[in-house]
Each structure stands twice: as structure tokens, then as C-alpha cells.
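Just so you know, these numbers use all the heavy atoms, side chains as well, and skip hydrogens, waters and symmetry mates. None of the values given here were measured: they were computed from a predicted structure.
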Amino acid sequence: MRQKREDVRNIAIIAHVDHGKTTLVDELLKQSGVFREGQEVAERVMDSNDIERERGITILSKNTAVTYKGTKINIIDTPGHADFGGEVERVLKMVNGVILVVDAFEGAMPQTKFVLRKALELKLPVIVCINKIDRPEARPEEVVDEVLELFLELDADDSQLDCPFVYASAKAGIASLEAETPGTNMEPLFETILNYIPAPEGDPEAGTQVLISTIDYNEYVGRIGVGKVDNGTIKVNQEVVICNHHEPDKQVKVKVSKLYEFDGLNKVEVKEAGIGSIVAISGITDIHIGDTLCSPEAVEPIPFQKISEPTIAMHFLVNDSPLAGQEGKYVTSRHLRERLFRELNTDVSLRVEETDETDCFKVSGRGELHLSVLIENMRREGFEFAVSKAEVLYHHDENGKLLEPMELAYIDVPNDYAGAVIEKLGQRKGELRNMGAISGGTYTRLEFSIPARGLIGYRGEFLTDTKGNGILNTVYDGYAPYKGDIQYRKQGSLIAFEPGEAITYGLFNAQERGLLFIGPGEKVYSGMVVGQTGRSEDIEINVCKKKQLTNTRSSSADEALRLVPPKILSLEQALDFIDTDELLEVTPKSLRIRKKILDPTLRKRASFKK
């Protein structure tokens, strides 16, 4: 007998990156009394990972729970960036409704469309929260119209179209049901959740069914499966069977050793949990996303959508440069292999494959940001390795025709720079689909269909072309026929041809040839890229060159040599810059670009063979 559990609500907060999801969760936590009086609370408390805090983005979905008027509200904060869309697709299986957060100025953005489509397909009710209404340029009425147009475009049914709108400023901690009258607290949003989001339902007398939607990992207890109890109850020490909708033969008997529920920011140990509860289960080593835990007498897996396939790949190699092993703690292929396969415990959108070479692994992900976050995490943990340029993953259709992943790029730029952007993306095989004026005619919104490889290495160029004023958002748009060759980089590299330490005199002579990436005193080796030339071919230079001493001196000769400050590349910029014949050497302290073939003679031979 199915019944509702009225004292629980399960919701996910979805939005485009930077529209204020995590700040909204902060306020819901504060105003529900999770924190005691005077407790010091960090901003964006849900972004627990260092990289999340630094970049101001959410990478992993997080669970929390608040209690309002005796009802427990389980909240899942999801990522807004397209590269982490795999996280959003999965967590929607745990909830009975979503809060769609939209910026009162920017309006509905591409990622809003992506996550909203997923929610509507699952027939989830939606509460629309127009956030940042205190922005001076806010335009809530127009944004409401944009959101309703988006609902119509995505074929929402009548009940979904009749959704409530809440106007909020998450930063100020206020919400109201009218755009003109600002609220005083978050109560209107809490009330809307209780009234509009349905209570979870299930059969408490049936056999246990828990669908695992996320995996957490802890060094002490191993894998932790997080999921919702759909039917029955789950208890500590209960024997359950792991089964999977996509693998009919999989049936493994296991025991539940520890069971947790979420309360505020903490996991609280419980003895048992009933329908509608979101639980974390530890002590099962072979637990994966998409698995269902069932009672042995009623084994029935819950259907679960396939995780989206990766579209981009990089090779991770053991570092074999002349400076290898001097800065990293973990440098061998065994360390690298172990760490990459461990990442698969928590990241389901990632693929790791072994190659013909024992010290090289092919790592595939959803986008450049997805892989750069993994590289940055490994670097901070003390790993030293090298990575190749990102390549897209091609497919073939049934007629053997080559297909490549496509992206929809939405670009907002000041009108003066629109021409430069259209020209650059045209060279990268982008097709302009749409163009219109926004923000009172001062900005242009461009919509392009472009191959995923056309965007590799473009973000840095885009910021330069728009003087930092442009906004570029992309969303995956399936596979399409191959669009032809693209020339990634028009400038060549400045390559050091002698090992040693960079000297001011050598750098002074080298800077006439192009833009330098290193300063005096840095160690270099033959084949290391030390800068970028203004010409299309590579140039070899000697940055370790010392001034020959003579016994005659002129007054002007010893004047201080003035060096132009070098351009220090960040991880993303370096990954964007490297070409197909180059590698990026990553250590905890340094990022060095190098040629794959260090020896200049062998490198020339290889280029002639091409």
C-alpha cells in the first residue's frame, strides 16, 4: 500500500553557474536555525572543496537538510557548470521537486535550459526563484517572461507551467511572492516548498529499495553510497542485494554496516530509515552509481538513465623531463595509475583507460574544466606528471561517416567586439545561428553551433578580444558530421636549446623574438618552451647565454638590462596554449611547457616525416 510521508520534502536547487544557488542554501541553513547563535559561518558553506571556494563554482553536488515547522527538508546543491552536468542528471532521481534559481538581470542562460529540461523530463514540479532582485539593473518582470518562454520551448505540461514564482535576494536573506514588495526573511520560500513540492511516497510494507545516486569517498570508511529509500525500510546490519538496471546479471549479497541521515551540514548515524529518507550507506566496497539495494526476497532494480558519455580526452603521462622527480611526492606510473582509478570512485563522468605504453593513461571527461579540476587536485596532493593537449572523442555512424561532438555557444559581448568574436569563431568552424541586442542595446547576444574542438584554447583569446567584458557559455549539443580541419594556434613557440639557468642577458636578447613565460633564475632544459613567437614557426633560442667579459668597458655597456615582465600562465592558460606536439609538465610547484621530442635533431626529422 503506497502512502505519502508528510514530514519530509526532497528538493534539488538547480541553476546556471553564478546565479546564487549556494548562497541561497546558506540562507536557508541560517534561517532554519542550523547554526547556533554567534557561530562563525564561512560564506558559501556548501562549497567545501578548496578549488570550489577559490573559483566560486560548485563542482560536486552536496546534501544538506533543514527542519522547518516540523518538516525535514532535504536540499541538494548542484553544480551549474555544463562540464559537471552529469552530477545534476543523477541527483534529480532523489528528489520530488526542484527550485530553479534565475538571476534577475541575466535571465535564463544555456545551463538553465539544460538542467530544466532534465527536471521536466522527470515530471518534477518546479519552483522558480528569481534571485538578486536587489541588483540595480534587475528586470524581474522580463525574466519571468523569459522563463515561461523557456518552459513552453521545453514542452512543459500545464501543471508545470502553473509554477509559483518567488522573488529573493539570497545575499540579503530575503524572499517575497511579489516583485514590488521586498520580503523580510526566507519564510515565503519555505512555505512555497511545503505547499508546492509533493511529499515522497512509497510502500513502507514492501521490500527494501534504495537507488544509489551519488558516491562519496572517505579514506577511513571507503565508498559511501547516497540515495533515497523508495520502498520499505533500511536498517543497520540488514542483508541486502546489490542489483543494477543496466546489468541484469549483477546480484551481490552485502550487509549494511553503517547508516546515516543528513542534518544541517552533518551526517548523523541512524539505526533505520523509512520511505522518502535520503541516506548515506557505508561499509559496502562494491557500490556504484545506479545500483539498487533490495531485500533478498524481492530483487527489483530501479531504472536509471545512462550517464552522459565523455566528449574530450587527454593523455596523462609519467614525467620524463630532465627536471623530473625534483618537486613531486608521487612520480611513478604506479602512483599515477592508482590515483586516476581512485578518482573513478566518485566521478562517474570520467573514463580512465590504459594505453599500449605502461606509463601513459587516456583520461576522458566532459570538458576542459572537468579535466583541469582533476589535474589541479592531483597537483595539490603532491603528484608530478605530464599531460597532452585535449582532443575530442570522435564517433562513426552506421555508414562509417566521422562524427564529432558539437557545442552550442552563447556569447554576450559589448557591440564593439561582436565583429572580432564572429570572425574568430568562423575560423574555428562555428556557425552563427542567432544574433540579437540585449541590455538596452549596448550588448549583443550571439548563438553559435561549433565543434567542441573549436572551443579548445579559445577562452583566453576571447577574454583578450573582448577586453574581459564578454561572457561565454557553452552547452553540449550531441554529435554531428565532421566539420573539417581547424588550425589551433597561429604563433609558434620559443624553445630553449641549452640546459641551465635562465640569465638576464640571454632573456634580454630573447624577448625581441616574442613573449616570454619565464624570468631570470629559472631552470630550463633543451626542448622546453620558454615563450611564444610572433611568427608561425618555432624558434630555438639560448636563454642561458652569458655576456662575454672583455677588459675594455664603455659607460653605456653596463647599464641595467630592462626585461619585460614574463607572462605567467595559469593551469587553464597553459592547457589552452599547448599544441599537439607539446606536453604540459605539472608539478606541485611548477607548470612547464615542453616539446614531446626534446632533442632538436630528432624533432626536425619527425616534422619532415609529416
Side-chain angles (χ1 to χ4, degrees), residues 11-28 43-44 46-47 52 55-58 75 77-85 88 98-119 126-151 153-154 163-180 182-183 186 188-189 192 408-414 436-447 466 468-475:
I11 57 165
I13 297 197
I14 58 175
H16 186 83
V17 68
D18 266 352
H19 281 198
K21 298 178 295 300
T22 307
T23 311
L24 187 72
V25 177
D26 276 8
E27 278 308 315
L28 294 176
E43 244 188 84
R44 303 198 327 275
M46 296 293 282
D47 284 348
E52 292 182 318
R55 299 187 187 206
I57 58 171
T58 302
I75 303 171
D77 180 19
T78 64
H81 200 285
D83 282 14
F84 307 109
V88 184
V98 296
I99 297 179
L100 176 72
V101 181
V102 185
D103 187 304
F105 166 62
E106 289 184 1
M109 298 291 271
Q111 189 62 10
T112 316
K113 187 175 177 178
F114 172 80
V115 289
L116 182 59
R117 178 185 284 133
K118 299 286 175 199
V126 181
I127 295 172
V128 181
C129 175
I130 307 293
N131 191 23
K132 306 191 187 181
I133 50 162
D134 50 355
R135 277 182 75 158
E137 61 278 73
R139 45 187 193 98
E141 284 85 2
E142 291 168 48
V143 170
V144 169
D145 292 343
E146 281 179 28
V147 172
L148 288 171
E149 275 172 32
L150 188 58
F151 272 92
E153 191 187 320
L154 298 174
C163 62
F165 282 82
V166 178
Y167 302 89
S169 164
K171 208 170 180 184
I174 55 170
S176 84
L177 301 175
E178 304 290 331
E180 297 77 34
M186 280 290 176
L189 182 55
T192 310
L408 283 177
Y410 297 83
I411 298 169
D412 295 349
V413 285
I438 54 166
S439 300
T442 55
Y443 270 68
T444 303
R445 176 166 288 176
L446 307 168
E447 187 183 321
T466 61
N469 290 310
I471 299 169
L472 166 65
N473 288 296
T474 59
V475 66

> Where is the tightest heavy-atom contact between Ser169 and Ile133, given as atom of each residue plus distance?
Replying inline: N-CG1, 4.2 Å
>> Counting only heavy atoms not in Glu178 (residues, nucleotides, ligands), do more than 12 fall under 6.0 Å from its CD?
In response: no
> Residues in side-chain hydrogen bond (donor to acceptor under 3.5 Å, both in side chains) with Glu141, at least two apart?
Replying inline: none
> Is there a side chain to side chain contact (heavy atoms under 4.5 Å, CB included) between Tyr167 and Val143 once you walk through the steps?
Replying inline: CA-CA 11 Å; Tyr167 302 89; Val143 170; over 6 Å; no
> Between Ile14, Leu116, Val147, Ile99, which is the residue that forms a side-chain contact (heavy atoms from CB on, under 4.5 Å) with Val126?
Replying inline: Leu116
> Is there side-chain contact between Phe165 and Val102, with at least one heavy-atom pair below 4.5 Å?
Replying inline: no
> Taking only residues two or more places apart in sequence or in another chain, which ones pass side chain to side chain contact (heavy atoms under 4.5 Å, CB included) with Glu149?
Replying inline: none
>> Let me confirm one number: the CD1-CD1 distance from Ile75 to Ile11, rounded to the nearest 0.5 Å.
In response: 5.0 Å
>> Using 0.5 Å steps for rounding, measure from the CE atom of Met186 to the CD1 atom of Ile174.
In response: 8.0 Å
> Between Leu177 and Val166, is any pair of side-chain heavy atoms under 4.5 Å apart?
Replying inline: yes
> Can you tell if the side chain of Phe151 reaches within under 4.5 Å of the side chain of Cys163, non-hydrogen atoms only?
Replying inline: yes
> Atom CG of Leu100 and atom CG of Asn131: how far apart are they, to the nearest 0.5 Å?
Replying inline: 11.0 Å
>> Using every non-hydrogen atom in the two residues, find where Pro188 and Ala175 come nearest and quote the distance to one decimal.
In response: CG-O, 3.1 Å
> Rounded to the nearest 0.5 Å, how far does CD of Glu142 lie from CD1 of Ile130?
Replying inline: 11.5 Å
